[in-house]
Amino acid sequence: MKPFLYLRPTRIKETVEALAAHPNAQLIAGGTNLLDLMKRGLVSPDKLIDINGLPLRKIELQGDFLRLGALARNSAVAQHKGVRMHHPLLIQALNAGASGQLRNMATVGGNLLQRTRCPYFYDSAFPCNKRQPQTGCGALEGINRQHAIFGISQQNASCVAVHPSDLCVALAALDATVRVVGPTGERRIPIGDFHRLPGDRPDRDTTLEPAELVTAVEIPVSPYTKHVHYLKVRDRASYAFALVSVAAALDLEQNRIKTARLALGGVAHKPWRLPEAEQLLAGQPVSEAVFRRAADAAMQDAKALEHNAFKLKMTPNAIVEALKQAAGKS
């Protein structure tokens, strides 16, 4: 591991200034992903900026929004009364995400910014456009059963890695907004615009600008407080990343769907929202046939690689099962 200078600012402005002054610096909070990257030599910061002293841990209801501080621990979010009351889908996603020990360290901001777990990204023996742009993608010709089936096009063929977060899938379904601050001030980024498809810059996972710091995530209060389900299909039941995951939320009136929210994980370079399926579900009665039609609509743009064609069947089945669980019909 390369030697680095350790900084521990106590003010947000001081942190932004340090990031601006040291472009090769890295932020550390829980360190559950960053330390692995550093040990493998994938990230070699000259300076490590410890942000645990910043006042960004609060979890609170502010008007019509639930605000999660960027440094709030995943375990604290999952145990918070306000989260349980207003957004139980977040709790399900967090509890599916990792071991209890990791949830005690991992933060909301770190969850948003974690890197892919694609094995070709971590293994320097193989080419990887995300690790080093314009070197090629080892997964395209390699073993790609864990990789993307959405967002694959000529423009985005530079990388088929998938985003690893469970929390971000639930945040995508719930229309969250990410608050960031940088040298030019503060801005709010809709969660759907925060993560990006690879395009010609597969090394960039988000739309953050240089020296910007995530300060909070805001989730609007919504009717999705009861009929929700997070389904995660994985190779083993504990501490594994999703082959396919589904965040499903329904607003029901008697036996009819007023509105629905759906997002997928484990299938694209970013959390994958399903607006066509949501529109198809709105106004429909609760039934497996309706859920199946929505799942089929969601798969229209899916495209398999050599080893992950099973996801073309697994994904719609997972959508149907998640909707049945959310509706209490399973």
Side-chain angles (χ1 to χ4, degrees), residues 6-16 18-19 25-39 43 45 47-62 65-84 87 89-117 163-172 174 176-182 186 188-189 191 194-195 205-208 211-219 230 239 241 247 265 270-271:
Y6 177 80
L7 306 177
R8 189 177 172 88
T10 57
R11 295 180 296 119
I12 293 173
K13 181 180 178 182
E14 182 185 359
T15 305
V16 172
L19 285 171
Q26 289 282 337
L27 300 175
I28 186 168
T32 57
N33 185 205
L34 178 62
L35 292 180
D36 286 341
L37 296 171
M38 292 175 65
K39 289 175 182 177
V43 174
K47 295 175 178 62
L48 201 60
I49 304 174
D50 185 340
I51 58 172
N52 283 296
L54 301 184
L56 298 175
R57 295 194 187 278
K58 280 189 177 181
I59 305 168
E60 56 187 346
L61 192 65
Q62 293 186 341
F65 290 86
L66 179 69
R67 190 172 190 270
L68 309 178
L71 290 176
R73 304 291 185 187
N74 286 358
S75 55
V77 175
Q79 296 165 9
H80 194 273
K81 181 179 179 181
V83 180
R84 186 166 60 249
H87 293 299
L89 184 61
L90 297 182
I91 296 176
Q92 292 184 25
L94 284 168
N95 286 339
S99 67
Q101 294 94 329
L102 284 171
R103 291 197 297 270
N104 284 338
M105 291 300 297
T107 63
V108 170
N111 205 304
L112 266 65
L113 297 172
Q114 64 179 302
R115 305 303 305 273
T116 183
R117 295 324 196 273
H163 193 269
S165 172
D166 292 292
L167 174 62
C168 290
V169 181
L171 292 174
L174 295 171
T177 298
V178 183
R179 294 184 60 168
V180 305
V181 63
E186 187 177 28
R188 289 174 168 83
I189 309 171
I191 189 70
F194 183 77
H195 298 103
D205 295 337
T206 73
T207 56
L208 282 178
E212 283 192 321
L213 170 72
V214 175
T215 58
V217 175
E218 294 178 336
I219 310 106
Y230 188 79
Y239 189 31
F241 294 96
K270 58 184 286 186

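All of these numbers come straight from a predicted model, not from anything done at the bench.
- Remark: L68 CG to L171 CG distance equals 7.5 Å, nearest 0.5 Å.
- Residues meeting the side chain to side chain donor-acceptor pair (under 3.5 Å) test with T107, sequence neighbours left out: none.
- Taking the side chain to side chain donor-acceptor pair (under 3.5 Å) definition, one finds that S75 meets it with N104, sequence neighbours left out.
- Remark: T207 engages I189, R196 in a side-chain contact (heavy atoms from CB on, under 4.5 Å) (not counting sequence neighbours).
- Applying the side-chain contact (heavy atoms from CB on, under 4.5 Å) test to L61 and every residue at least two apart in sequence or in another chain returns L66, H86, V221.
- The structure places CD of Q114 at 9.0 Å from CG of L167, a figure rounded to the nearest 0.5 Å.
- Here R67 pairs with E218 under the salt bridge (charged side-chain N to carboxylate O under 4.0 Å, His left out) rule; sequence neighbours left out.
- Partner of L54 under the side-chain contact (heavy atoms from CB on, under 4.5 Å) criterion, chosen from L213, T215, T10: L213.
- Among residues two or more places apart in sequence or in another chain, the salt bridge (charged side-chain N to carboxylate O under 4.0 Å, His left out) test is passed with D50 by R8.
- In terms of the salt bridge (charged side-chain N to carboxylate O under 4.0 Å, His left out) criterion, R11 has no residue partners (sequence neighbours excluded).
- For the ring pair (Phe, Tyr, Trp, His ring centres under 6.0 Å) test, no residue two or more places apart in sequence or in another chain qualifies with H87.
- For the side chain to side chain donor-acceptor pair (under 3.5 Å) condition, the pairs that include at least one residue of residues 27-36, sequence neighbours left out, are N33-Y122.
- Every side-chain contact (heavy atoms from CB on, under 4.5 Å) that K81 has, sequence neighbours left out, goes to R84, M85.
- Residues satisfying the side-chain contact (heavy atoms from CB on, under 4.5 Å) test with A170, not counting sequence neighbours, are L89, L90, A93.
- Under the salt bridge (charged side-chain N to carboxylate O under 4.0 Å, His left out) criterion, R115 pairs with D205, sequence neighbours left out.
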